Amino acid sequence: LPVVVDNTDGFELIKTYEALAAQNLKMLVLTAPGERIMDPDFGVGARRYLFENMHESTFQSFKSRLLNQQKKYLPYITIESVDFLDSSKDPRLQDNYLGIRISYYNNALRTRDALTVRLSA
């Protein structure tokens, strides 16, 4: 997401397992619990953390939820680190901005990658 028009296939398709793993992780992070039909526990709900105090306990809560969800829904990856960017760490960033960088290892493909998600209110 977002859906992109492609002249070859009509819409851009996921054509590699690396891209599929990244997309699955992105959907896990962005989906709010209760949003997915037939599986109300699915998702971390990153957007709700935008309206929390940017404190270490908030980051730990997000990371804990992410690790639990990853173990349940994406067992083929191992999350190595989760880093947060906000205005308290970088004064150039807006107050309503939260950046999340998740470094992970794909056990099936034996590759490392990182997903960066940028959220703003």
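Note that the numbering runs from 1 along the sequence shown for the chain. Remember, it's a predicted structure, so these values are computed and weren't measured experimentally.
With rounding to the nearest 0.5 angstrom, the CD1 atom of I102 is 9.5 Å from the CG atom of D83. Rounding to the nearest 0.5 angstrom, the gap separating the CG atom in L74 from the CE atom in M27 is 11.5 Å. Summarising the geometry, atom OG belonging to S61 is positioned 11.5 Å from atom CD belonging to E56; distances are rounded to the nearest 0.5 Å. Note that CD of Q69 and OG1 of T31 are 9.5 Å apart. Values are rounded to the nearest 0.5 Å. For the atom pair CD1 (I77) and NZ (K71), the distance works out to 12.5 Å, reported to the nearest 0.5 Å.
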(message) I'd like to know whether Y105 forms a side-chain hydrogen bond (donor to acceptor under 3.5 Å, both in side chains) with D113, so could you lay out the CA-CA distance, the side-chain angles of the two residues, the decisive distance to 0.1 Å, and finally the verdict.
(response) CA-CA 6 Å; Y105 180 75; D113 204 350; over 6 Å; no
(request) Dump the intermediate steps for ring-ring contact (aromatic ring centres under 6.0 Å, His included) on F84 and F62, then the final yes or no. (result) CA-CA 10 Å; F84 300 92; F62 174 88; 5.5 Å; yes
(request) Decide yes or no on side-chain contact (heavy atoms from CB on, under 4.5 Å) for L28 and K26, but give the supporting numbers first. (result) CA-CA 5 Å; L28 186 70; K26 182 178 178 182; over 6 Å; no
(message) If you apply the rule side-chain hydrogen bond (donor to acceptor under 3.5 Å, both in side chains), what do you find for N68 with Y73, and how did you get there?
(response) CA-CA 9 Å; N68 288 334; Y73 294 103; over 6 Å; no
(request) Give the C-alpha distance, both sets of side-chain angles, the deciding distance and a yes or no for salt bridge (charged side-chain N to carboxylate O under 4.0 Å, His left out) between R36 and D41. (result) CA-CA 8 Å; R36 189 172 203 176; D41 190 46; over 6 Å; no
(request) Please assess L20 against T16 for the test side-chain contact (heavy atoms from CB on, under 4.5 Å), listing each intermediate value before the final yes or no. (result) CA-CA 6 Å; L20 180 61; T16 66; over 6 Å; no
(request) Apply side-chain contact (heavy atoms from CB on, under 4.5 Å) to T78 and Y104, showing your working. (result) CA-CA 5 Å; T78 301; Y104 63 94; over 6 Å; no
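Neither L115 nor Y17 shares a network with the other; the hydrophobic side chains, linked directly or stepwise wherever heavy atoms of I, L, V, M, F, W or Y lie under 4.5 Å apart, form separate groups for each. The hydrophobic clustering, which links ILVMFWY residues whose side-chain heavy atoms are closer than 4.5 Å, places I14 and L25 apart.
In this structure, Q60 contributes its side chain and S57 its backbone to no donor-acceptor pair below 3.5 Å. Not one N or O on the side chain of R101 forms a donor-acceptor pair closer than 3.5 Å with the backbone of L85. Not a single donor-acceptor pair under 3.5 Å links the side chain of N106 to the backbone N or O of T111.
Of the listed residues (I100, L98, V82), just one forms a side-chain contact (heavy atoms from CB on, under 4.5 Å) with F59, and that residue is L98.
By the salt bridge (charged side-chain N to carboxylate O under 4.0 Å, His left out) test, R112 is found to be paired with E80, residues two or more places apart in sequence or in another chain being considered.
The nearest pair of heavy atoms linking Y49 to G45 is CD1-O, 3.5 Å. In terms of heavy-atom proximity, V44 sits nearest to L66 at CG2-CA, 3.8 Å. The minimum heavy-atom distance linking R48 with P33 is given by the pair NH1-CG, 4.4 Å.
Atom CD1 of I37 has 12 or fewer heavy atoms from other residues, nucleotides or ligands within 6.0 Å.
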